[in-house]
Amino acid sequence: MDKAYEAKKFESDIYAAWEASGFFNPDNLTGEPYAIMMPPPNVTGILHLGHALENTLMDVMARYQRMQGKKVLLLSGTDHAAVATQARVENDLVEQGIKNPRQHFGREELLKKIREYAEESKATILTQIKKIGTSADWSRLAYTFDEERSRAVNTAFQKMYQDGLVYSGYRAVNWSIKGQSTCSDDELKYIERPAKLYTFKYSKDFPISIATTRPETKLGDTAVAVNPKDERYKKYIGKKYSIKQFGGAVDLIIKIIGDETVDPGFGTGAVGVTPAHSMVDFEMNEKHDIGCIQVIDRYGRMTSFAGKAYEGQTVDEAHNKVVDWLQNNNLLEDVKDTIQNVGTSDRFGDVVEVLLMTQWFVAVNKEIPGRGKSLKYLMREVVVSGHTGDAAQRVKINPERFEKVYLQWIDHLRDWCISRQIWWGHQIPVWYELKPEEYQKYKDDSEAFRNFLNFTRPATLAVGLEKPSGDNWLQDPDTLDTWFSSGLWTFSTLGWGSNERMWKKMRAFHPTSWMQMGHEIIFFWMARMILMSTYLLDEIPFHDVYIHGMVRDEQGRKFSKSLKNGIDPLEVIEKYGADALRLSSIIGTSPGADSRFYYEKLDGARNFVNKLWNIARYILDSQKTAEKTRKQLTLADSWILERLEATIYMVNRCLEEYDFASAMDATFGLREFMWDDLADWYLEISKVEGINVDVSNKILETLLKLLHPFLPFVTEVIWKEMKKPNLLMVADWPNRGESLNLSQINVDFSLVKEIITAVRSLRADKGVEPAKKIKAVVNAGKQKKFLAEQAEIIKALARLSDLEFSATKPAQAAAAVAGGVEVYLPLAELLDIGKEKERLQKEIAEIERYRDSLSGKLVNKEFTAKAPKAVVAAEQAKLTEAEAKLKKLREQLI
RNA sequence: GGGCGCAUAGCUCAGUUGGUUAGAGCGUUACAUUGACAUUGUAAAGGUCCGUGGUUCGAAUCCACGUGCGCCCACCA
């Protein structure tokens, strides 16, 4: 074995061996099914450190469960990420100087370009996932846009259409002018920007003033809403006012309506209602039926409904023109600076306009035929009481606080607009039968066809998997929201809706066992998976969800292209090894909380891996030297075996609770066991008493097993060095383990440790050369016999020439009390008596303070009466101990 | 406007249902190193647990208020 572990030398061979073994595929495993569906990364580029964290978490779980003897399916895949990918490719093309890529290339050509980009990105991503060591079943690799998944999408759409849950409607939608497509409510990113709030009247004799930041939309107003309890305006409710030539352009009929949502305290207490260009106003129209006038078109220009004077103008031009008109006609009462909260398209970046359009929607509030519940109800139920009220089918969100976030979102949920006008995505599986002349007109012009569909619904349509036979059928040109397909992920990957035979075989893996994701996709993805699975399969998609935080840079900033602070996991692996990357992404994290990435952490992780390597190297080397091996169990052997059991117990508990960081922790975790207990104590002692082959083998073997989920590569390499016949990845997981207890072995060993530490401390304090061997005197009392047995160890680790047991205190000595035993280092020539006295006095004072606080407690009747007996007893024991130590220290002072 | 989270050593973070002399890693200081490992070892320094008040025999932990960060939701027109 080399002096230092060089990850690069081994990783690709080890990964190849795992793949060749076939154990990534559950078909080659037995036991109860256990499935983790990996969140498919977008094919928009390469993976970042957040993905590295996700992959590590899932692979830790998968390997842990596999070693427990389960039939583990870890399924990987990628997401075509409709808008994100098309927007990305279009942006790149624009940067290359192509002004309007859609016009320039046309549908087929542009799709080809996006496909090429996606394929390249997919290949990169898969390489990255493998490099991290992910034990995924590559034979079942999926893609949201491949054939099987596309068929599943169509199957789902068809069923929802038949149940009336998918419908097409002429409704207000969020429209990105730049992207020329709708976006869902969740795809909006709100930003604040300064704006002017104008207060005005429609006309001189209109009774109510209203305020707006968007005067240009007022050309499309059909009502004024006031709070029905508002005394000022009550009398107007129900009245209609006709306004001639508003803005110098259109006649309006304004109805005064009463609506509870209007805040009487804001502005004038009255709102101009523009149902065509505001979601809230559109909802008022649904309640009060006031009619809609669309004054802005899909290109952000004013329509003919805005009047001749405005038609064709941009929104900004119209804005100024209306303001001018109001001013000139003395209708403008006030202008105020304000901050406006506007929705922007997450992907295209522009401010979104609300427009009326015919689009496809998922009805979330409608009753599902035969179920008596709405989709919204199903989505809420799984988290609150379990699917169909069955507690065994409850989705548990970790950490729990995200449940609240999720439920809050559900309450605000509106019908989900699922059609998009971009080209990259699953085309809506709806065909329309057109008149021959219409068919000829639209068959090669999807834009014109879409405009036609906006106002005309052909009488005959077919929804399903394939184009109906016969002539003149044309498919809806729109594509589906990407989350429609990712919502099916937990079961479309198993063959549902596309491959009956496969679905039958893989059915047992659903509901999947464990799911993890970042909190930013709880709404987008988790919610949609729950919707799809409960509706289509009548069961939950997964039992447990673990929400992890975001990985940030060392200053706590997000990784982003503009900051140029991105780090490619492959570079990290190249330099530090995959194991170090895995370890560093886990340590310092806790569920749901963001974590920071910094290189010192990687150094630490790499050192950890190297330490393990050298521990193994030492154990295996020293086992070869015959005269240094022995059979009988020593105190150290028994102690390390007990510590091992405690560590097994801890690691199992942590993994059951998805507390990955604690399993590797320096306190009671694997780090403490490996580094402190094993390397610094047990192996150091073995240099004195020789190594026990059986014990050291057991320790090393078990340690490798426990570490394998976290550090799969180095552990597998060492396993091979141990000449084990089978792969570590399918070795038996150490399932037993006992929690740490105060056995005699632990107590005895602590005493030895404490004496050694005390001597070392005194030596350092007195400036004794580390190499210099000196004598120590111990007043051991009853412990004399036991300590005499351990003398060689104490002498070696504390670098003593002699260890004398005596009740007589040396005349001039540095002194300490360790584990209730007096320790003296007679150092006449080195010792400054005055200083040593001072040191002892300081220590005495410290313990006196401690003693006083303890006795203060115990004197307090309230404490002894009210505190639990065990606590009082514990405090009493502490006091006794402190007093004993104090007594000895005082004697030493003399 | 509503909701959620965070504040503990120089830095990054643990601290489970209230009972510790409040911990770890990194960093710092001193010393050491020819045989497992300098990607190391030994020892040490370092904390008003954000502030104020309250509950309690007892508060880093629970409650209230305040301060400072961060996040989510909501088209106050």
Side-chain angles (χ1 to χ4, degrees), chain A residues 1 3-5 174 188 190 197 210-214 225 261-263 265-274 278-281 338 340-343 352 354 399 401-402 404-405 408-409 411-412 519-520 522-523 550 554 556 580 587-590 592-598 600-601 603-622 657 659 661-662 665-667 669 671-672 679-680 683-684 687 757 760-765 767-771 797 799 846-847 849-850 853-854 857 860-868 870-872 874-875 878 882:
Chain A
M1 286 170 85
K3 207 166 159 180
Y5 174 68
N174 305 301
L188 297 184
Y190 284 93
L197 183 66
I210 59 163
T212 184
T213 52
R214 298 211 52 194
T261 61
V262 177
D263 174 6
F266 186 86
T268 62
V271 196
V273 184
T274 325
S278 155
M279 287 290 181
V280 171
D281 292 3
T338 182
Q340 189 187 17
N341 200 12
V342 289
V352 161
V354 173
R401 67 189 148 92
F402 287 105
K404 235 182 181 171
V405 180
Q408 200 185 353
W409 174 83
D411 290 339
H412 289 292
H519 52 69
E520 70 278 5
I522 291 177
F523 309 141
M550 196 184 293
E554 53 191 327
I587 51 182
T589 65
S590 69
D594 292 354
S595 62
R596 295 187 190 201
F597 178 87
Y598 42 98
E600 287 83 354
K601 222 155 126 176
D603 287 331
R606 183 203 45 199
N607 296 355
F608 185 95
V609 171
N610 190 60
K611 187 75 183 182
L612 172 64
W613 177 258
N614 274 292
I615 285 169
R617 190 157 78 104
Y618 174 74
I619 290 177
L620 297 179
D621 272 1
S622 48
E657 290 166 8
D659 188 354
S662 296
D665 211 32
T667 326
R671 186 188 162 99
E672 180 175 273
D680 291 345
L683 293 184
E684 287 307 315
K687 288 174 187 175
T757 308
R760 284 169 174 172
S761 181
L762 284 177
R763 291 179 60 126
D765 192 60
V768 181
E769 296 267 311
L797 296 201
R799 291 199 158 258
E846 219 170 276
I847 295 187
R849 266 202 307 280
Y850 176 47
S853 86
L854 286 170
K857 253 190 216 177
N860 186 344
K861 288 250 162 55
E862 299 248 51
F863 172 70
T864 46
K866 290 181 182 171
V871 173
V872 178
E875 299 294 298
K878 282 184 207 163

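Within every chain, numbering begins at 1; the chains are lettered A, B, ... in the order of the sequence lines, protein sequences first and strands thereafter. When reading the values below, keep in mind they use all heavy atoms of this one structure, side chains included, and skip hydrogens, waters and symmetry mates.
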Within the structure provided, determine whether V271(A) and F266(A) are in side-chain contact (heavy-atom separation under 4.5 Å).
no
Kindly say whether, by distance alone, the side chain of Q340(A) makes a donor-acceptor pair under 3.5 Å with the base of rA77(B)?
no
Given rU42(B), rG23(B), rC31(B), the nucleotide with the shortest approach to the side chain of R760(A):
rU42(B)
Taken to the nearest whole Å, CZ/F266(A) to P/rA74(B) is 18 Å
For a quick test of reading the model, state the closest non-hydrogen atom pair linking K3(A) to N610(A) and the distance between them.
O-OD1, 4.4 Å
What's Q408(A) touching, base or sugar-phosphate or nothing? Going by heavy atoms closer than 4.0 Å.
base
Select base, sugar-phosphate, or nothing to describe what N341(A) touches, counting heavy atoms under 4.0 Å on all strands.
base
Given atom CG of D665(A) and atom C1' of rU16(B), what is their separation to the nearest angstrom?
13 Å
Interatomic distance at C1', rA60(B) relative to rU20(B), whole Å:
12 Å
Once you apply a heavy-atom cut-off of 4.0 Å, does S278(A) come out as touching a base, just sugar-phosphate, or nothing?
base
What about K3(A): does its side chain form a donor-acceptor pair under 3.5 Å with the base of rC37(B)?
no
Nearest whole angstrom, please: distance from the P of rA14(B) to the CZ of R671(A).
17 Å
What distance do D680(A) atom CG and E672(A) atom CD have between them, rounded to the nearest 0.5 Å?
11.0 Å
Roughly how far apart, to the nearest Å, are rG41(B) and rC65(B) at atom P?
49 Å
Aromatic ring pairing F402(A)/H519(A), orientation class (parallel under 30°, perpendicular over 60°, tilted between)
parallel
Looking at every strand, decide which applies to V354(A) at a 4.0 Å heavy-atom threshold: base, sugar-phosphate, or nothing.
base
Answer for the Watson-Crick or wobble partner of rC75(B), both distances under 3.5 Å, is none
Round to the nearest Å and state the distance from E554(A) atom CD to rC26(B) atom C1'.
13 Å
Would you classify S590(A) as touching base, sugar-phosphate or nothing, given that sugar-phosphate means primed atoms plus P, OP1 and OP2, and contacts are heavy atoms under 4.0 Å?
sugar-phosphate
Answer with base, sugar-phosphate or nothing: what part of the nucleic acid does T757(A) contact at a heavy-atom distance below 4.0 Å?
sugar-phosphate
Among the candidates rA36(B), rC76(B), rU39(B), find the nucleotide nearest to the side-chain atoms of N610(A).
rU39(B)
Re rG47(B): Watson-Crick or G-U wobble partner, both distances kept under 3.5 Å, found to be none
Nucleotide forming a Watson-Crick or wobble pair with rG19(B), both distances under 3.5 Å
rC57(B)
With a 4.0 Å cut-off on heavy atoms, is D603(A) in touch with a base, just the backbone sugar-phosphate, or nothing at all?
nothing
Is K878(A) touching bases, backbone alone, or none of the nucleic acid, heavy atoms closer than 4.0 Å?
sugar-phosphate
Counting the atoms with a prime plus P, OP1 and OP2 as sugar-phosphate, which does T213(A) contact under 4.0 Å by heavy atoms, base, sugar-phosphate, or nothing?
sugar-phosphate
Suppose you measure atom C1' in rA64(B) against the same atom in rU28(B); what distance do you get, rounded to whole Å?
41 Å
Please measure how far the C1' atom in rG47(B) lies from the corresponding atom in rG15(B), and state the result in whole Å.
14 Å
rG5(B): pairing nucleotide in any strand, Watson-Crick or G-U under 3.5 angstrom:
rC69(B)
Between the side chain of K601(A) and the main-chain N/O of I587(A), is any donor-acceptor distance below 3.5 Å?
yes
On RNA chain B, check which nucleotide each of A270(A) and S761(A) is closest to and give me the residue with the more 5' one.
S761(A)
Distance check, C1' atoms only: rA9(B) and rA74(B), in whole angstrom units.
41 Å
E672(A) CD - rA24(B) C1' separation (whole Å):
9 Å
From OH (Y5(A)) to CZ (R617(A)), nearest 0.5 Å:
14.5 Å
Atom pair distance, as rounded to whole Å: CD in E875(A) and P in rG18(B)
16 Å
C1' gap between rU56(B) and rC63(B), integer Å:
12 Å
Pick base, sugar-phosphate or nothing for A679(A), based on heavy-atom distances below 4.0 Å to the nucleic acid.
base
Given rC57(B), rC73(B), rU40(B), which nucleotide is nearest the side-chain atoms of H412(A)?
rC73(B)
Whole Å only: how far is the CD atom of E600(A) from the P atom of rC26(B)?
11 Å
Could you tell me whether R596(A) contacts a base, only the sugar-phosphate backbone, or nothing, with contacts defined as non-hydrogen atoms closer than 4.0 Å?
sugar-phosphate
Any non-hydrogen side-chain atom of L797(A) less than 4.5 Å from a side-chain atom of R760(A)?
yes
Between L188(A) and E684(A), which residue's closest nucleotide on RNA chain B lies nearer the 5′ terminus?
E684(A)
Over all strands shown, is Y5(A) touching base, sugar-phosphate only, or nothing at heavy-atom distances under 4.0 angstrom?
nothing
Cationic tip of K687(A) above Y618(A) ring, under 6.0 Å, 45° of axis:
yes
Counting only Watson-Crick or G-U wobble pairs whose two distances fall under 3.5 Å, which nucleotide matches rA30(B)?
rU42(B)
Expressed in whole Å, how much space separates the C1' atoms belonging to rG10(B) and rC4(B)?
31 Å
Rounded to the Å, how far apart are E846(A) CD and rU21(B) P?
13 Å
What contact category does R214(A) fall into here, base, sugar-phosphate, or nothing, at under 4.0 angstrom with non-hydrogen atoms?
nothing
If you measure from the P atom in rC62(B) to the same atom in rG5(B), how many Å do you get, rounded?
11 Å
